[in-house]
Amino acid sequence: MHFARPLIAFFLALVTFSSAATYSNPLKTKDGSDPHIAWSGGYYYLMTTTWSNLQITRAKTLNGLKTGETKVVWTDSTSSRCCNVWAPELHYFDGAWYIYYTAGNSANLDGQRPHVLKGGATPWDSFSYLAQLTNTWGIDGSILRFSSWGNYFVYSCFSGSLQSLCIAPLISPGQIGTSKVLSTPTQSWEKVGNPVMEGPAAMYHGGKTFLAYSASYCWTSSYSLGLLTWNGSGDPASSSSWSKTGPFLTSANGNYGPGHNGFFQSPDGSQIWNVYHATSNSGGACDGTRYTMGQIVNWNSDGSPNFGSPAKLGTSLTGPAGE
Ligand SMILES: *[C@@H]1O[C@H](CO)[C@@H](O)[C@H](O)[C@H]1NC(C)=O
C-alpha cells in the first residue's frame, strides 16, 4: 500500500495533462481566408473562402479542425452566382441553419452579391438555395441581433467611392428591408491602400453589443480590425447610435494583415473566441494564401473587448473552456 499514493498522483497527473485543451495556429493553412466558426452540438464548424464552392470542416476540438472532416456543401452553375464565392457564415434561426455568403460571375467582381442557403437542424445537414439579398454590390454579409430591435443584416457596400458598412432589417432569413449606410471609412487606419470597411462580425458581452469589422485594403499589412460599439438605446440602423474605435489586432509576430474575423463561443459558453485570417506576406494578401487563426477575446476593465495580438505560428495556446 505504501506505493498507492504516488501511483494515484501519477495517474491524476496523466489525466490532467491529457485533458488540458491546447491548440496552435494556423487552424487551416490553405484557403484559410475570411473564416467563420459556429460551435453547436459538440462540434466546431469552420467555413472559409474557397472561391469555387462552399465547404464545412468540423471537429470536436479547435486543434482538431486542422484534420477535421470536410465536405463540400454547395456548388452553383448559375452564372450570376457561380464564382468568386466568398466569406460563408453559418447562422441559426428558428430550428434551421443558414449559410450567408457572397458570390458573383466569373468575369469580374462587379457582380458580387450576398446570398443565403437554407439547411436543417444541424450545420451538417444539406443546404438548398434560398435567396439573393441585394440587387447592388454587397459582400461579407453577417447577422446582428438585438432583443429589443430584432435582427439586422450587415454587409460591406459602396457609399460613393468608399467601401463601407451597410445595414438593413432582416425581415426573414431570406429577405431584408431597406439598406442604409452604417459607417464609412474616415480614419487614417481605415484608408491604407484603399478606404475599406468589410467583414462585419457581431459580438455581445456584458450587456453591450459590438460590431467588429476589417479596415484598409487587404494587400497591405495595415489590414486590421475596427470596432463599432452600440450606445445601447439608439436605432441600430442609425450611424449616430454607434461609436468607432481602432485599429485592433494589428500585424505582429510574423502575421500580417490580420482580419476578416468571426466570433464563436467556447463549448461551455463562458468565453468568446475570435477566428480570423492573416498572412506571412509582409505586404498583406487578398488571396488563398491567407491562413486561419483562433484566439480568445479578453476584456478590458471598461467592458470593451481586448483582441490581443496574433501569436507566432506554432505557439502552444490554451484552448476554449469546456473542450
Ligand atoms: C444613442 O444614439 C441616439 C442616436 O441614434 C441618441 O438619440 C441617443 O440619445 C443615444 N443614447 C445614448 C445613451 O447615448
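Atoms within each ligand, like the ligands themselves, are counted from 1 in listed order.
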Query - atom 13 (C) of ligand 1 - nearest protein heavy atom and its distance - result: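 Here the closest protein heavy atom is Ser233 OG, 3.6 Å.
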Query raised in the report: Can a donor-acceptor pair be found between the side chains of Tyr155 and Ser179 at a distance below 3.5 Å?
Result: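 Judged by distance alone, the side chains do pair up.
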Query - Check: Trp230 ring centre within less than 6.0 Å of Phe146 ring centre - result: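 Yes - the distance between ring centres of Trp230 and Phe146 falls below the 6.0 Å cut-off.
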Requested in this report: Flag the pair Tyr23 / Trp273 as yes when their ring centroid distance falls below 6.0 Å, and as no otherwise.
Outcome: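 Distance test on ring centres: under 6.0 Å, yes.
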**Report entry** Ser241, portion touching ligand 1 at heavy-atom distance under 4.0 Å
**Finding:**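 It is both backbone and side chain that touch ligand 1.
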Report task. For Ser240 and ligand 1, answer yes if some heavy atom of the residue is under 4.0 Å from a ligand atom, otherwise no. Result ->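 Ser240: in contact with ligand 1 (<4.0 Å).
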Query raised in the report: Within 45° of the six-membered ring axis of Tyr43 and under 6.0 Å from that ring's centre, is NZ or CZ of Arg58 located there?
Result: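 Yes, a cation-pi geometry holds between Arg58 and Tyr43.
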Query - His91-Tyr100 side chain donor-acceptor pair, cut-off 3.5 Å - result: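 There is no such pair between these side chains.
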Requested in this report: Provide the number and element of each atom of ligand 1 under 4.0 Å from a heavy atom of Ser238.
Outcome: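 Every atom of ligand 1 under 4.0 Å from some heavy atom of Ser238: 5 (O).
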**Report entry** Asn231 N/O under 3.5 Å from ligand 1 N/O
**Finding:**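 Yes; at least one N/O pair falls below 3.5 Å.
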Query - Flag: protein heavy atom within less than 4.0 Å of atom 7 (O) of ligand 1 - result: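 When distances to the protein are checked, atom 7 (O) of ligand 1 has no heavy atom within 4.0 Å.
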Query raised in the report: Got a protein heavy atom sitting under 4.0 Å from atom 2 (O) of ligand 1?
Result: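 Given the 4.0 Å limit, the answer for atom 2 (O) of ligand 1 is yes, a protein heavy atom qualifies.
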Query - Distance-only polar pair, side chains of Thr75 and Asn53, donor-acceptor under 3.5 Å - result: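 Result is no, nothing qualifies.
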